[in-house]
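In what follows, every chain begins at residue 1, and chains take the letters A, B, ... in the order their sequences are listed.
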Protein chains: 2
Amino acid sequence: MDISALRTAHPEHWMRATALRTLALDAVNAANSGHSGMPMGMADVATVLYGKHLKFDASAPDWADRDRFILSAGHGSMLLYGLLYLCGDPEVTLDEVKNFRQLGAKTAGHPENFLLKGVETTTGPLGQGIANSVGFAIAEESLRARFGRKLVDHHTYVIAGDGCLMEGISQEAIALAGRQQLGRLVVFWDNNNITIDGEVTLADRTDQMQRFRASGWHVQEIDGHDPEAIDAAIEAAKKTRKPSMIACKTHIAIGHAAQDTSKGHGALTDDAQLQAAKDAYGWPYGPFEIPEDVKSWWEGVGARGAEERAAWDARLADVSERRQAEFHRTMAGETPKKLTAVIRAFKKQVSESQPKAATRKSSQMVLEVVNPVLPETIGGSADLTGSNNTLTADLGVFDETDRKGRYVYYGIREHGMAAAMNGMAYHGGIRPYGGTFMCFTDYARPAMRLAALSKLPTVFVMTHDSIGLGEDGPTHQPVEHLAISRATPNTHVFRPADTVETAEAWELALMSTGTPSVLSLTRQGLPTVRTEHKPRNLSAQGAYVLAEAEAKRQVILIATGSEVALALDAKATLEAEGIGTRVVSMPCMELFAEQDEAYRRKVLPAGAVRVGIEAGVRQGWDRWLLGERGREAKAAFIGMDSFGASAPAEALFEHFGITAEAAVAAAKAML
Amino acid sequence: MDISALRTAHPEHWMRATALRTLALDAVNAANSGHSGMPMGMADVATVLYGKHLKFDASAPDWADRDRFILSAGHGSMLLYGLLYLCGDPEVTLDEVKNFRQLGAKTAGHPENFLLKGVETTTGPLGQGIANSVGFAIAEESLRARFGRKLVDHHTYVIAGDGCLMEGISQEAIALAGRQQLGRLVVFWDNNNITIDGEVTLADRTDQMQRFRASGWHVQEIDGHDPEAIDAAIEAAKKTRKPSMIACKTHIAIGHAAQDTSKGHGALTDDAQLQAAKDAYGWPYGPFEIPEDVKSWWEGVGARGAEERAAWDARLADVSERRQAEFHRTMAGETPKKLTAVIRAFKKQVSESQPKAATRKSSQMVLEVVNPVLPETIGGSADLTGSNNTLTADLGVFDETDRKGRYVYYGIREHGMAAAMNGMAYHGGIRPYGGTFMCFTDYARPAMRLAALSKLPTVFVMTHDSIGLGEDGPTHQPVEHLAISRATPNTHVFRPADTVETAEAWELALMSTGTPSVLSLTRQGLPTVRTEHKPRNLSAQGAYVLAEAEAKRQVILIATGSEVALALDAKATLEAEGIGTRVVSMPCMELFAEQDEAYRRKVLPAGAVRVGIEAGVRQGWDRWLLGERGREAKAAFIGMDSFGASAPAEALFEHFGITAEAAVAAAKAML
């Protein structure tokens, strides 16, 4: 690699880009950990993108109409921190850069959206960023259609590496973006031919450009170290109506002894080699030192958007106050006040009419009243629209012919759907929800975890939530999936017992600002158990006494979802035998755990045997059954301890012993 | 669709294929559930494949050198059951077909390998079958290289639908197969342009043929109802050295009123429409009735391979007895007797030398002694070879230049890797293991669940198993992943405390015949805690007393993996204060749960307070802490209840309070 030719061809650009390179080298060296090579290789692309194209104002990283930049190759986090520091982001001081990867620093190992406003997305798990970007681009199109181009008019830029493109989720994202003709999306592929194990060809010989073209993308190939080529490619990408992929031929760890090798992917911490690289760069400065002219150029870049932002502010001030308020409310993720009122009215009507309904159907009934008052919802399904019941009458279909449409046909792409929904939530202004079968939580898991970690209020509508789905059999019957989502920090798992609880779960999910919700919904019909209308959202406390013991309380039955009705049947039998039995409905364990101890003890007092009933594995239940510190209660659990089977639902509940009779027997055995 | 033209063009073929169609229609109608349209659309392809090409003998569905047929579009299960029944598979009687999707039937909703020998793979979750097929093809190449073409010489055929191709895992599979030039792999794409939500174009406009070509596949496009075109395409596919994709333009639910519609995807149960379809087919027979000439032709197909199998038997009989024995042992999945001896010798040496080692390094030390005595292992990693330590000196690299190589560079494809490993395990003759970071369990989940459901002894090497991985931060730090795998039925999760336990875990994983193993291994170094050599595999009982109380027992510390050393430190402190403390190492909760109650009580007697220590969430621990029926012990847990953070490992353990001091304090607070 002839570094000197690069230096002389574009001397000013060279020093600006090299500021990013040396910051990465110095920070990784100080941390003795991290990834030096990717920021070094992509510094030229980042410099041209930020220097000439990216619409942003470093002093206002939350400006609603900024262009979004997503570092899908999140291990190159020092590229992003370097950009934020150089551009003058107020949160990214030099001390933060020097403190890279240390406890309490905002400059975490991988970029985390909740630590820095300037970080659009939490990345690191590969392929997530490029899949989020599809959601960003959908959000932009949708908001532009809703609020007009004067308020919403921006691009989404992504840097993705070979790892991102090898992950399967990238195909889901590429195909969906191509289908949706998301022309404001521009992906730079860091084509350096190196992964951790060696050259890419060890594991892949895919012609990536052909692959993107096959899904309808605009594709260019450039030298990723040539600032003029980069500039021209971005110009062309902005002009096309297709999503754009720019294949940037780069050298990982450029100018370092580890250039073009897998060693260059990781932490480069050899002092002599580091110095030699800086010498080759013509960079005579000390660690973390940026010469004044370079720093001030970058600060100019950071301030470049101030004028554009002021003009945007003026345009916003120009629209009606009502519209301004609606824009601010939408972007802030605040739900309209009407929501609680429509949910209450719905609950009242349901408690009176007492329908028998599958909770997946209940969910659609709720959405029919919610979607009209929440114009920011975007629904969808991974090709199970008629099963998940996620489409309502007024939504319209989002596609290239109707950007006001609010329903996305995600295709058979649970993972891509979940990540796209996260992207919309990251972007702001959209409340995404999407459905699949609960068993396919597995396919969406990496994105569901990132929703939780990144504090996104994404709503996962997971129907067919037990063996109750019947004949499709064990490949489609969730058994461990409630436990999986409950094991995940910052996740609310709602398993409503009837239409009323489903409405309450939706209300909580839609009012959440920093926690994703998993709605666990049945295929099979359920009776209404909340037959007495309560305006208050009882599910908000996670668990509550649904039916009090009539005789002296000896048994507490705790159940969720479809098993609550079964608990009520068991109670009837026990009471008939003079055994006082309380039934506790527990639609959300996490919210119950958040209540104070007095409430928890009130719902689950000592002095009675406990039976938990849920058509899933026991894991996660013992805290409520055995008592939080142990020695509290005798307990039993009626549920699954194996995979399911193929048969009609009723036959399966009988076969696996999840019946009112079994609950009665378990309780009596302990008395 | 001009059915009559098809009927007259190839009248005999038509009736043979229509037998499959009507069986699907009748069985789905009887079950009132299932998927009629796909078997109807792909009946012609299946008839030509089975009729002219597939090497098999219906009377011996476990013949080692049969061609494999994988129904990746598993919802079309009646196509497969129809084929097995018509060809005379002894397990698939007409009664089984009539009992489709009923409790206890072998004809489950989706094909399940453990119910029928004639089912190669459990499918239904889309994309899994095509990804398994890569493992099948690798297994065939590997075994052919090892045992020679006389014994191993077969193809892998797949039917995949639009859903399979939309799932991201398909890209991982396609790219890996293309890279590996798996020329014996032939995929039929059921190109019917219909998914559940409607036309494919609602969600996808990808040029699938171009996409496959981009990854180095041989691609053909045919009319999927033309038997001559199908035959010619299969001939061509068998000749190329590339993996082959045959795009079959078909009509879903052909000849039925629901043809070419999403309704045709599901259960077609309207009697009049069903009769009209049969009329259009020229099929005057009753439900489940197959005319004699058609049935006897199919039985001929089922018997066609008998001669070839006899010739193969003769060839096998012709090789040396030792080689025959080795072939049988390998295909039966029996581990060589030497394994236990080398593990024992290794353990002895380790207990003496007492190395400090990360268990991911211990794992490599074990593999270095295991791989030479188990020629059937195929290792690999999802681009983390140097981190997972899955490569050993003698393996060699599997690629198109060396089919004897036993290490696969899977690329950044955790899901594709897991599914390919499952494919090898389904095929038989291979013991697959593969590594990634434990946090990326999420990416591999759908395939890990199928390993458990399908009873495959796949080994998942999951390193960097806690916040102990340090600076890469919360996106890479597993917290809930032990709970996730433990929640999954039929899964052994091993979290060894040192090199000795790692060897024991590997021994158990490699001797497993029907249960996958998850090895949870540290990034950080651990001391040897098993300093006294025991020939017996103590981990086989799941948990055992590692260090007995010296003073009167008041405390039991239960720990796994990296936290066992910490428990020993806590014990030392407690004993110094006169508090007798037992330390229980619990490398595998599932195996401990399988022990009889007497043993479990011996290890965890009542009468002492318990502290569990594991750098993960508490979920899954309460059974051992609180007692299986409750009221047994006071207990506390030292672990994680949030996501991690970016910092050096030691700082994180301190920050999150996972320390010996915390364990001591928790124990004393309860006394």
Shortest non-hydrogen contact between B:Arg623 and A:Asp622, atoms and distance: N-OD2, 3.5 Å
How about B:Met166 and A:Glu172: do any of their side-chain heavy atoms sit closer than 4.5 Å? no
To the closest 0.5 Å, what do you measure between CZ (B:Arg101) and CD (A:Glu471)? 6.5 Å
May I ask you to decide if the ring planes of B:His415 and A:Tyr443 are parallel, tilted or perpendicular, using 30° and 60° as cut-offs? perpendicular
Strictly distance-based, threshold 3.5 Å: is any side-chain N or O of A:Arg205 a donor or acceptor partner for the main-chain N or O of B:Gly216? no
When you compare the side chain of A:Glu112 with that of B:Ser646, does any pair of heavy atoms fall below 4.5 Å? yes
At a heavy-atom separation under 4.5 Å, does A:Thr123 approach chain B through its side chain, its backbone, both, or neither? backbone
Are any of the side-chain nitrogens in B:Glu480 or A:Arg486 under 4.0 Å away from the carboxylate oxygens of its partner? no
Nearest heavy-atom approach of B:Arg449 to A:Val479 is NH2-N, 3.8 Å
Report the option among B:Thr475, B:Asp383, B:Ile484 that has the most heavy-atom pairs separated by less than 4.5 Å from atoms of chain A. B:Asp383
Which one of A:Thr201, A:Leu652, A:Ile174 has the most heavy-atom pairs closer than 4.5 Å to chain B? A:Thr201
Looking only at B:Met640, B:His35, B:Glu167, most heavy-atom pairs under 4.5 Å shared with chain A are made by B:Glu167
May I ask you to test the A:Met448-B:Asp442 pair for a side-chain heavy-atom distance under 4.5 Å? no
Go through A:Gly168, A:Gly104, A:Gly386 and name the one with the most non-hydrogen pairs under 4.5 angstrom from chain B. A:Gly168
Chain B interface, residue from A:Gly620, A:Pro125, A:Pro648, A:Ser387 that has the most non-hydrogen pairs under 4.5 Å: A:Pro125
Closest-packed option against chain A by number of heavy-atom pairs under 4.5 Å, given B:Gly411, B:Ala487, B:Gly109: B:Ala487
Contact part of B:His75 toward chain A, heavy-atom cut-off under 4.5 Å: side chain, backbone, both or neither? neither
For B:Cys164, is it the side chain, the backbone, both or neither that has a heavy atom under 4.5 Å from a heavy atom of chain A? neither
Determine the minimum heavy-atom distance between B:Asp472 and A:His110, stating which atoms define it. O-ND1, 2.8 Å
Minimal non-hydrogen separation, B:Leu202 against A:Arg179, with atom names: O-NE, 3.3 Å
Tell me, out of B:Leu176, B:Thr385, B:Ile169, who's got the most heavy-atom pairs with chain A below 4.5 Å. B:Thr385
Does B:Gln210 have more than 12 heavy atoms from other residues, nucleotides or ligands lying within 6.0 Å of its CD? yes
Cut-off 4.5 Å, heavy atoms of chain A, and the answer for B:Pro111 is neither
Under 4.5 Å to a heavy atom of chain A? For B:Thr107 that would be neither
Non-hydrogen atoms of chain A under 4.5 Å away: do they reach the side chain of B:Ser642, the backbone, both or neither? backbone
Got a sec, which pairs hit salt bridge (Lys or Arg N to Asp or Glu O under 4.0 Å) with one end in residues 408-418 of chain B, sequence neighbours left out? A:Asp204-B:Arg413
Can you measure from OG1 (B:Thr206) to CZ (A:Arg213) and round to the nearest 0.5 angstrom? 14.5 Å
Verdict with reasoning, B:Leu384 to A:Ile196, per side chain to side chain contact (heavy atoms under 4.5 Å, CB included): CA-CA 6 Å; B:Leu384 290 168; A:Ile196 291 174; 3.6 Å; yes
When every non-hydrogen atom of B:Ser381 is compared with those of A:Asp197, the smallest separation belongs to O-OD2, 4.5 Å
Return the option, out of B:Trp621, B:Phe643, B:Tyr410, B:Tyr409, with the maximum number of heavy-atom pairs under 4.5 Å with chain A. B:Phe643
Which atoms of A:Ala636 are under 4.5 Å from chain B, going by heavy atoms: the side chain, the backbone, both sets, or neither? neither
Looking only at heavy atoms and a cut-off of under 4.5 Å, which of B:Ala452, B:Gly74, B:Ala173 has the most pairs with chain A? B:Ala452
Identify which part of B:Gln181 has an atom lying under 4.5 Å from any heavy atom of chain A, answering side chain, backbone, both or neither. side chain
Heavy-atom pairs under 4.5 Å with chain B, option from A:Thr195, A:Val617, A:Leu391 with the top count: A:Thr195
Heavy-atom pair count under 4.5 Å with chain B, highest-scoring of A:Pro489, A:Gly34, A:Ala647: A:Pro489
Shortest non-hydrogen contact from B:Ala214 to A:Arg211? CB-N, 3.9 Å
Does B:Gln619 reach the main-chain N or O of A:Ala483 with its side chain, forming a donor-acceptor pair under 3.5 Å? yes
From the list A:Ser33, A:Ala447, A:Gly178, A:Gly473, the residue making the most non-hydrogen contacts under 4.5 Å with chain B is A:Ser33
